[in-house]
There are 2 protein chains.
Amino acid sequence: MSSIPSNPASSDPASQGAASGTSPTFSPLYKQIKALIMQRLQSGEWKPGELIPSEVELGNRFKVSQGTVRKAIDELAAENLLVRRQGKGTFVATHHEARSQFRFLRLMPDSEQPQTIDKKIIELKRLRAPAEIARLLGMKSGDSVVFVKRVMSFDGVPTILEELWLPGALFKALTLERLVEYKGPMYGLFETEFGTRMIRASEQIRAAAADDEAVELLGVEKLSPLLCVERVSFTYGDKPVEVRRGLYVTSRHHYQNELS
Amino acid sequence: MSSIPSNPASSDPASQGAASGTSPTFSPLYKQIKALIMQRLQSGEWKPGELIPSEVELGNRFKVSQGTVRKAIDELAAENLLVRRQGKGTFVATHHEARSQFRFLRLMPDSEQPQTIDKKIIELKRLRAPAEIARLLGMKSGDSVVFVKRVMSFDGVPTILEELWLPGALFKALTLERLVEYKGPMYGLFETEFGTRMIRASEQIRAAAADDEAVELLGVEKLSPLLCVERVSFTYGDKPVEVRRGLYVTSRHHYQNELS
DNA sequence: GAGTGGTCTAGACCACACT
DNA sequence: GTGTGGTCTAGACCACTCA
């Protein structure tokens, strides 16, 4: 292993792991390799969509067997950070794929699959983070955040009214223009233009009655029941980088969830 | 491997898998081992909570290396069918554990964790399956089903109104008495008393307005927004064995979901 | 054919839980 | 101490992709 000093010249290859030195408590070798790979991802050395070195190559670099690298990559693939493709290699996962979409958009049509999606940005502005948002983003109340409001329509029917808060420091260059002209998933834009990749999210779902704004923008009746979905998204190192609050019309759609 | 005829006396140990004979298309050895283990689980030879044979023992029985058994068990553990405990052995997963509860009850209190749970059975009866229920359960319309209605209260506050449909043939001996007197998770009862273990479920979530029954049993106002959760649960072999429709009060609770 | 991930084996040692 | 799962290695061959 590079960057970890020890295994002090032990000629015995089976004096495995423990590697000590840096890590105070015991950690298996493959966990350390995993951490090293994750560093490359976080630093941007290996970018979304790119091919990473082969298992053999990584084994040589880190001075461990292919099997150990394999176990590290296995876990990263299970966490959707890497994607393996037999015969081709291992790639850094990206939001620019149909596969990745469904993980973060759980609203499905009741009937069949194919439907057109239309996104309309209502508003984009910078403001000082309200206490609640600041808390969720791990910032100080009053820090700069980017606020976005938008409506998504399926087959022309307005169905989702969404508000987003993003840390101002990370999204300095985000403008309404850039967001409007961009085709494709928003997380794709964030990852390629702002170097911020969402890897995990936590959602809290409630039922709510439509307020005046929902009535206006979603075309539903006042007080009609809506799904209220509050999401916090995280990037590498479990750092929160997005708060999202959505109102979903569920007369022709439903939130799909698999318990397994 | 037992019960699979082939590897026709190949003295070469690396003439791995393919095993042919029964399986028409290629399937890795560890997948076949996995299937064999799953058979033992499904048949009830290894029951929930019990210790299964060690990896070495299974390797000897099936005539494969420990590593191959390990990979099979790894996948089964990832699917929550088995639970590994270092130093003790590998156990068949069971619903009689706090750990297993949270997988199937996603409604969490907004504030802190500790809360008392109270379950009240409103009704239990046998009836002919409505078309919709029959379709979801893979039965014929009119087949016998057990119908249950109940209310769950948290800290004394009625919060969930739930209706269940179960295949009559599998739950012949299920009575209101048995259900009322039973303490602990319903899926625990199903697994120990009726030999039916739920291993996976699919939920569709919508927002709905409280009807008269919800008003009466949950003590909410007419037309107030509720979470409507429709679940189909599956046992081994992806066989559907429960339909559940729940109405959740989300003024002090929320449906928690992790996107990862 | 060369390179990559995927499977399989055999053997070693480590960490943990009981007795 | 004994037995269990957990980690690590080394080497072999298979399945897939692309040039």
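Residue numbers begin at 1 in each chain, while the letters A, B, ... track the order of the sequences. Since this is a predicted model, take the numbers as computed values, not measurements. All heavy atoms count here, side chains included; hydrogens, waters and symmetry mates do not.
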A/Asn80 (side chain) donor-acceptor with B/Ser260 (main chain) under 3.5 angstrom: yes

Phosphate contact (D/dG5 OP1 or OP2) by B/Thr90 side-chain N/O below 4.0 Å: yes

Side-chain (A/Arg197) to main-chain (A/Thr235) donor-acceptor, under 3.5 angstrom: no

Residue whose nearest DNA chain D nucleotide is more 5′ - B/Asp74 or B/Gly87: B/Gly87

Nucleotide D/dC8, atom C1' - distance to NZ of A/Lys34 in whole Å: 17 Å

Nearest-Å distance for atom pair NZ/C1', residues B/Lys71 and C/dC8: 10 Å

B/Phe91 CZ to D/dG3 C1', straight-line distance once rounded to whole Å: 13 Å

Below 4.0 Å: OP1/OP2 of C/dG3 and any side-chain N or O of A/Lys88: no

Touch class at under 4.0 angstrom, heavy-atom based, for B/Arg70 against every strand present: base

Separation of C/dA10 P from B/Lys63 NZ (nearest whole Å): 12 Å

Base paired to C/dT19 (Watson-Crick or G-U; both N/O distances under 3.5 angstrom): none

D/dT4 phosphate, OP1 or OP2, under 4.0 Å from B/Arg84 side-chain N/O: no

Distance in angstrom units between B/Glu55 CD and C/dG11 P, rounded: 17 Å

Check: B/Phe104 ring centre within less than 6.0 Å of B/His95 ring centre: yes

Pair A/Arg40 + A/Glu50: basic N to acidic O under 4.0 Å: no

d(CG, B/Leu82; P, D/dG6) in whole Å: 12 Å

Member of B/Glu191, B/Lys47, B/Arg99 meeting the side chain to side chain donor-acceptor pair (under 3.5 Å) criterion with B/Thr94: B/Glu191

Given D/dA15, C/dC8, D/dC8, the nucleotide with the shortest approach to the side chain of A/Gln86: D/dA15

Between C1' of C/dA15 and OH of A/Tyr30, the distance in whole Å: 13 Å

Closest listed nucleotide, where the reference is the side chain of A/Ser54 and the choices are C/dG5, D/dG5, C/dC8: C/dG5

Length of the CD-C1' vector between B/Gln66 and D/dT7, whole Å: 11 Å

